[in-house]
K.L.:
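Once you've had a glance at the structure underneath, I'll fire off some questions.
What you see below is based on every heavy atom in this structure, not just the backbone, and it leaves out hydrogens, waters and symmetry mates. Because the structure is a prediction, the values reported are computed rather than measured. Counting starts at 1 for both ligands and their atoms, following the listed order.
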Amino acid sequence: MQRIGVLTSGGDAPGMNAALRAVTREALARRAEVVGIRHGFAGIVRQEFIELSRSRVGGILERGGTILQTARYEEFKRPERQRQARAILRDQGLIGLIVIGGDGSFRAAQRLHLLGLPTIGIPATIDNDIPGTDMAIGVDTALNTVIRAIDRIRDTATSHSRAFVVEVMGRRSGYLALAAGLAAGAEIILVPEVPLDLRWVVSRIKRGEELGKQHSIIVVAEGVCPEGSAGYQIAREIAQQIDYEIRVTVLGHVQRGGSPSVFDRLLAVRLGAAAVDRLLDGSSGQMVALQGNAIITKKFSECLRRRKRIDRELLKLAHRLAAD
Ligand code: F6P
């Protein structure tokens, strides 16, 4: 019987469990055994293995987080750790490894692939910053969490005629800020990919006031100010230039939790099954991805050499619709 390994790595994302269930059950249906590895790549080195049966992955589809738990394991950048991991996985009799995570996790998977251990990636990160896939698992759920929060914040902002700075996750990627800002009708969206222009921010809040708006919602990705809290820093700067009451909400890790949305569950199920299919086919060094409504594969080497771009037209549209 063939044996495959599976792990979750990097920041957790809602839908990782749904992907784990799909991987396990698809593999079992195809007569392959599945070994779960706890705590990501660190768990390979520490040999934290558990056999995954049909029942072991029962009742997890709807649960946030990851039952295998996860880790960010910097140590894996060292070539001796990578060789050690390959040897351990081979000793376990694994024909390959499925890695559920983001771009950092795929870099580690690519290293194992180059060492001759087959790997397939499943994109899962709320940041949606992996080039080559339209969506990653977890993004849709996180967006729903953010827009529900903004809808509530708008109620109180309007009641008090206040500006609210809402800080969302995304150190290098403004996707979450852009998509949530657009979906929630935020007046201002600030992302790390576009240089911050505070004069423009202030003039926009003033213009909103002139138009009779009762609030201003400013969605800021955390990476807009790399040091400290972007939300508080921007609020402070605005407050120095304008006579308008400002409050700050940092949504933080709330965005990473919760039961996955229908979209994330469907994506996880499709990507999980496709990953097993590719690994058993003998493919390696690739991630399964969503393009339009199709599941495709992309080489890690292609995805990892570039950064995913922000859609600047969408950003302009959001600003046009919200306060002009
Ligand atoms: O990569 C996902 C993410 O949630 C980022 O948006 C955020 O910057 C980071 O992880 C936070 O990491 P940690 O949970 O380690 O604080």
Side-chain angles (χ1 to χ4, degrees), residues 7-17 19 38-43 64-66 68-77 99-109 121-150 165-181 183 189-194 196 219-234 248-261 264 267-268 271 287 289 300 303-304 307-310:
L7 58 78
T8 49
S9 162
D12 63 346
M16 278 183 161
N17 280 328
R38 305 192 62 218
H39 302 116
F41 288 88
T66 156
L68 288 181
Q69 297 189 274
T70 183
R72 300 189 196 277
Y73 185 53
E74 287 299 307
E75 178 82 8
F76 204 78
K77 289 185 179 149
V99 172
I100 305 172
D103 59 347
S105 311
F106 291 171
R107 274 177 225 287
I122 298 180
T125 164
I126 66 161
D127 291 349
N128 208 23
D129 60 348
I130 306 172
T133 189
D134 291 349
M135 288 291 267
I137 295 168
V139 178
D140 184 67
T141 308
L143 281 173
N144 278 291
T145 303
V146 175
I147 63 153
R148 284 200 192 102
I150 296 178
V165 178
V166 183
E167 183 191 299
V168 302
M169 277 187 163
R171 272 194 287 244
R172 291 185 314 161
S173 164
Y175 181 87
L176 212 53
L178 169 58
I189 301 168
L190 303 174
V191 296
E193 294 89 339
V194 177
L196 176 61
V219 179
V220 184
E222 60 181 331
V224 166
C225 302
E227 304 295 325
S229 161
Y232 281 99
Q233 283 186 49
I234 284 164
V248 180
T249 301
V250 178
L251 293 180
H253 286 77
V254 158
Q255 296 160 93
R256 286 242 295 266
S259 178
S261 65
D264 278 331
L267 186 61
L271 291 177
M287 70 164 180
F300 286 142
C303 317
L304 297 177
R307 295 274 294 274
K308 195 169 187 171
R309 291 216 198 100
I310 194 106

K.L.:
Go through the side-chain N and O atoms of Asp12 and Thr70 and say whether any donor and acceptor fall under 3.5 Å apart.
P.N.:
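The criterion, which ignores hydrogens and geometry beyond distance, is not satisfied for Thr70 and Asp12.
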K.L.:
In Å and rounded to the nearest 0.5 Å, what is the CG to CE distance from Leu271 to Met135?
P.N.:
11.5 Å
K.L.:
Quick test: of every protein heavy atom, which one is nearest to atom 12 (O) of ligand 1, and how far off is it to 0.1 Å?
P.N.:
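For atom 12 (O) of ligand 1, the nearest protein heavy atom comes out as Arg72 NH2, 2.9 Å.
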K.L.:
Considering only protein heavy atoms, which is closest to atom 16 (O) of ligand 1, and at what distance to one decimal place?
P.N.:
His253 NE2, 3.3 Å
K.L.:
Select the closest option to atom 11 (C) of ligand 1 among Gln255, Glu222, Arg256, judged by heavy-atom distance.
P.N.:
Arg256
K.L.:
With atoms numbered from 1 as shown, which atoms in ligand 1 lie under 4.0 angstrom from a non-hydrogen atom of Gly170?
P.N.:
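So the atoms of ligand 1 that pass are 6 (O).
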K.L.:
Does the side chain of Thr249 come under 3.5 Å of the side chain of Glu167 through a donor N or O and an acceptor N or O?
P.N.:
no
K.L.:
Between Ile126, Asp129, Asp127, which one has a non-hydrogen atom sitting closest to atom 1 (O) of ligand 1?
P.N.:
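Result: the heavy atom closest to atom 1 (O) of ligand 1 is in Asp127.
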K.L.:
Begin from the C-alpha positions of Asp103 and Arg172 and carry the test salt bridge (Lys or Arg N to Asp or Glu O under 4.0 Å) through to its verdict.
P.N.:
CA-CA 12 Å; Asp103 59 347; Arg172 291 185 314 161; 3.2 Å; yes
K.L.:
Report yes if the distance between the aromatic ring centroids of Phe300 and Phe106 is under 6.0 Å, otherwise no.
P.N.:
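Distance test on ring centres: under 6.0 Å, yes.
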